[in-house]
Amino acid sequence: MKLKLLAIVALLVIGGAALLVAVGGFPRGAAAAVTYLTSTATVTDVSNDVASTGSIAAATSWSLAFGSAPTTGDASSSDSSSSNASNGSSSGTWTVSKVDVKVGDTVKAKQVLATGTNATLSADITSAKNTVTSSGLQLIMARDSYDSAVDADDTDQIRQARIQLLNAQNAYDQAKASLKDLQDTAAHASLVAPAAGIVTAVNVTAGADAPSGAAITVDSTSYQVTADVVESDISAIQLGQSATVSVSSIGADLDGKVAAIAPTAASSSSSSSVVSFAVTIDVTSPPATLKSGMSADITITTASASNVLAVPAAAIRGSNGNYSVLVLQDGQPVSTPVQVGLMTSSLVEVKSGLNEGDVVVTGTSSQQRSSGTVTNGFVVPGGGGGRTEIRGGNGGG
């Protein structure tokens, strides 16, 4: 009987202990501890950048046709420029005599690329010269008639003579203008490179008739990138701002400058509601390996501060000019007011309130270690014999 009572008591003790643990009657040794993520205030460069993507294109593309001056445009519009270019003459057809270049050739300014002839144009120039001579003689005769009418002091004769003189003058002027047009056309019997560049299209062969559009197309060796910038960033972009053009296909980061900003938003065929503006970047000193059509990532620097004290943006607390950081002093975070300068999404310039080397808190990481209470937004150790872990390092390590 006594043994049975002892067994019952033992079961009651064990069950009660289990129940006490289940409802938290015993203190637990694993509550939340905090690891402070930190970074060090360092002297560095701070910049605010706008990023976008685009493709490399020649800054200028020239379409050359027999009988007319070169037409210009950017590389993306070279096809339309070619189709709009005429052979410059309504007098006959141009026959290609010689072609001196091929696609991919590098040419110099004023270099002759091809030559042609136009027999009908030559005959038209001869006829136009005769018309100028004839109309010139008629003008002389009309002047003599007018002078005679004036000498006779006959009003009716003077009026008639004046009409004839004006008509003769008009005919002479028109004849000279027609001759000049034909001579200007003949002056383009040779296709000449208007500037240094690269031949991108040759649409003629020796002995064949020239096309009505562009015979040869030349792209400049200067390049640019046009990219769309969203409306929230466009107000920060100005002409002349520095930019970096990254071309992964040739492994190059090239310098550039903002050359043009579209005054109106770019049209989009997509259903996206994002409004963007076209921004053109001129590439400075492009390498020979750069080609039109290559993809490029652009980064435009809209503001910068060089050799300044800075901390990660995650360390800054507050707003509207009332900013502070938490500085670790003897292992504890201490709120410290700071005056800031340039603020970006990654770094913030600190003008006063910190010294180089100060360790600032950028965040926290909780671990199950000890119980604690929340103070100033951070968990600090409380009862239960717990401790606080401080993990330092640059960049929130």
Side-chain angles (χ1 to χ4, degrees), residues 47-64 69-85 104 106-107 109 193-201 214 216-270 272-304 342 344-345:
S47 64
N48 200 27
D49 302 322
V50 173
S52 187
T53 59
S55 59
I56 300 294
T60 306
S61 182
W62 293 276
S63 296
L64 284 70
T71 58
T72 61
D74 58 35
S76 62
S77 63
S78 60
D79 291 341
S80 61
S81 297
S82 299
S83 62
N84 291 333
T106 300
V107 297
I198 299 174
V199 177
T200 56
I216 294 177
T217 302
V218 177
D219 282 359
S220 66
T221 53
S222 56
Y223 294 93
Q224 58 186 202
V225 181
T226 299
D228 290 335
V229 175
V230 296
E231 59 180 334
S232 58
D233 292 330
I234 197 66
S235 60
I237 297 178
Q238 298 179 3
L239 295 177
Q241 283 176 331
S242 298
T244 299
V245 180
S246 298
V247 187
S248 59
S249 59
I250 60 174
D253 289 333
L254 310 175
D255 293 332
K257 287 188 178 298
V258 177
I261 304 171
T264 57
S267 59
S268 174
S269 58
S270 67
S272 173
S273 60
V274 176
V275 177
S276 60
F277 294 76
V279 175
T280 301
I281 309 297
D282 281 345
V283 180
T284 305
S285 302
T289 52
L290 192 64
K291 306 293 183 184
S292 291
M294 288 181 172
S295 298
D297 296 322
I298 65 166
T299 304
I300 304 170
T301 301
T302 58
S304 63
L342 178 60
T344 73
S345 60

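In terms of heavy atoms, Pro194 sits closest to Ala109 at O-CB, 4.4 Å. The heavy-atom pair separating Trp62 from Ala195 by the smallest distance is CH2-CB, 3.6 Å. When all heavy atoms of Ala296 and Val225 are compared, the pair lying nearest together is CB-CG2, 4.2 Å. Here the closest non-hydrogen pair linking Ser52 and Ala227 is OG-CB, 3.5 Å. Counting all heavy atoms, side chain and backbone alike, Ala58 lies closest to Asp219 at CB-CB, 3.7 Å. Nearest heavy-atom pair, Tyr223 versus Ile56, reported as atom, atom and distance to 0.1 Å: CD2-CG2, 3.6 Å.
Residues satisfying the side chain to side chain donor-acceptor pair (under 3.5 Å) test with Thr226, not counting sequence neighbours, are Thr280. Scanning for side chain to side chain contact (heavy atoms under 4.5 Å, CB included) contacts around Thr106 gives Ile198, with sequence neighbours left out. For the side chain to side chain contact (heavy atoms under 4.5 Å, CB included) test, residues two or more places apart in sequence or in another chain that qualify with Ala259 are Asp282. For Ser47, the side chain to side chain donor-acceptor pair (under 3.5 Å) partners are Asp49, not counting sequence neighbours. Partners of Ser222 under the side chain to side chain donor-acceptor pair (under 3.5 Å) rule, at least two apart in sequence or in another chain, are Ser220. Evaluation of the side chain to side chain contact (heavy atoms under 4.5 Å, CB included) rule for Ile234 yields Val229, Ile237, Ile261, Phe277, Val279 as partners, not counting sequence neighbours. Among residues two or more places apart in sequence or in another chain, the side chain to side chain donor-acceptor pair (under 3.5 Å) test is passed with Ser246 by Asp253. Ala303 is linked by a side chain to side chain contact (heavy atoms under 4.5 Å, CB included) to Asn48, Leu342, counting only residues two or more places apart in sequence or in another chain.
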Next on the checklist: Apply side chain to side chain contact (heavy atoms under 4.5 Å, CB included) to residues Lys257 and Ser242 and explain how you reach the verdict.
Outcome noted: CA-CA 5 Å; Lys257 287 188 178 298; Ser242 298; 3.8 Å; yes
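The side-chain heavy atoms of Ile281 and Val258, taken from C-beta on, include a pair separated by under 4.5 Å. Contact check for Thr302 versus Gln241: side-chain heavy atoms found under the 4.5 Å cut-off. Contact annotation: the side chain of Pro287 approaches that of Leu254 to within less than 4.5 Å [non-hydrogen atoms, C-beta and beyond].
Separation of atoms OG1 (Thr217) and CG (Leu64) is listed at 7.5 Å; rounding is to 0.5 Å.
In this structure, the side chain of Glu231 does not engage the main chain of Ala265 through any donor-acceptor pair within 3.5 Å.
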